[in-house]
Amino acid sequence: MRVLRQQCFVFFSVAIFLFFHLSCAGLSKSQSNQKVEPVKNVILFIGDGMGPSVVSAARVEHLGKNKKLSLDSFKNLAKIKTYSEDSPVTDSAASATAMATGYKTKNKALSVSVINKKVIKKYETILEIAAKKNKYVGLVTTSHILHATPAAFFSHVPHRDMYNEIALDLYKSPVDLILGGGKKFVDPYKNKLEEKFKLVENSKNINLCQKNRIVGVFSEEHLPFNDQMDLKTKKKISLKNLTAKALKCAANKKEGFFLMVEGARIDHALHLRKHKTALSEMIAFDQTVKMTMVYLKKNNLLKNTLVLVTADHDTGGLAVNGPISDSSSFFDKKGHIKKTQKKKGLGPLFPILKLSSDPLHGSNPVDSTHTGVDVTLYAEGQGSEKIKGTFENTQIFQIIKKAFNF
Ligand SMILES: [Zn+2]
């Protein structure tokens with residue numbers, strides 16, 4: 001009897017153990033089966049030259065020191081190290097390559113590794129990978145469309161100035177839509193490009209994207225600076241309006257999309273030391289981000305879209321220098337620089353550009369240069385909450401690839 005009771009005890013103990021063990025195993029198995037839903041769409045915004053002080057200066061100058069840019073509402077931030085393979089100070093080609101392919105390369109090179117000016121290896125870009133996975137892939141820029149940043153997403157050349165080769169790479173690329181300036185650069189390849197793309201020079205015709213791949217060029221070279229466009233022109237070809245049209249084209253693709261949107265001319269204005277223009281370009285870029293977020297929310301797309309906003313590098317080493325003594329004489333109650341101070345020449349150039357000593361450009365006191373400071377990565381949308389820390393710029397490629405589950 002006692003033996004029987006002992007046997008029963010052992011039997012039930014084993015049964016209870018097995019029950020809990022198996023149900024726990026089942027639970028952990030079902031937990032591990034809970035895959036993270038891949039992101040359907042990714043939008044990568046690049047503010048060319050938009051170092052942290054450019055963001056601060058634009059906020060102070062245009063909105064007031066205590067106001068918020070659209071970027072300031074992004075909840076998830078990281079710092080990005082921008083150096084290139086051969087320099088602590090990157091150019092746009094190497095930086096765009098890092099973000100587009102996940103590889104550091106030498107300054108001037110586009111999505112290739114280079115030794116002694118020879119291409120050693122071509123790096124596949126996130127745009128090319130996304131196209132293979134049947135995503136809609138598009139690029140919008142305020143520079144000419146064969147310029148370094150957009151070109152890094154579809155071209156593979158040892159030097160960014162090889163516009164002929166870059167145009168041919170565009171012809172061979174899977175790009176569905178590319179918008180910006182550069183009739184001058186595209187014209188020699190017009191006939192060839194028209195075999196595959198609809199070439200449009202009137203922004204109204206971007207809506208032909210439903211049935212055509214689009215190359216849209218809306219100025220001879222780069223698009224005009226934001227503060228040089230009248231309202232009528234802005235309605236047609238401002239970064240915000242071109243991006244709005246690109247979003248509509250992309251959002252129609254049921255498999256999703258990858259878009260890169262570049263505010264290219266923040267950098268150009270900073271090179272020219274046109275500070276006021278640079279800050280206006282930054283604001284136009286920020287408004288483009290704002291319009292995009294409103295569009296995504298309104299169309300219920302933010303839940304499966306990852307939005308990343310960053311800079312390829314800082315330009316100009318801008319410093320937001322405050323007045324040493326009495327700040328009330330500089331700012332009005334809203335935090336704007338007083339008109340009287342502007343007349344004195346103390347603003348809007350008030351955020352003072354410090355001379356950089358980059359040996360590449362240091363001999364030319366008129367030109368200013370890129371710097372090697374870290375830039376900010378802003379993230380919103382699906383999966384963005386994991387984006388925190390200090391990253392290499394190459395990790396932006398990894399973040400997008402992982403988000404898409406490629
Ligand atoms: Zn530059």
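Just so we're clear, the structure is a prediction, and the values are computed from it rather than from any experiment. Indexing begins at 1, ligand by ligand and atom by atom, following the structure's order.
Within the 3.5 Å criterion, the main-chain N or O of Thr288 finds a donor-acceptor partner in the side chain of Thr292.
Looking only at N/O/S atoms, His271 comes nearest to the Zn ion (ligand 1) through NE2.
Between the Zn ion (ligand 1) and His313 there is no N/O/S contact shorter than 2.8 Å. Residue contacts to the Zn ion (ligand 1): Asp267 brings an N, O or S atom closer than 2.8 Å. For a distance bound of 2.8 Å, the N, O or S atoms of His268 include none lying that close to the Zn ion (ligand 1).
Side chains of Asn252 and Tyr136: a donor-acceptor N/O pair is absent below 3.5 angstrom, by distance only.
The aromatic rings of His268 and His222 lie tilted to each other, with the angle between the two planes from 30° to 60°.
Between Tyr163 and His144, the ring centre distance stays below 6.0 Å.
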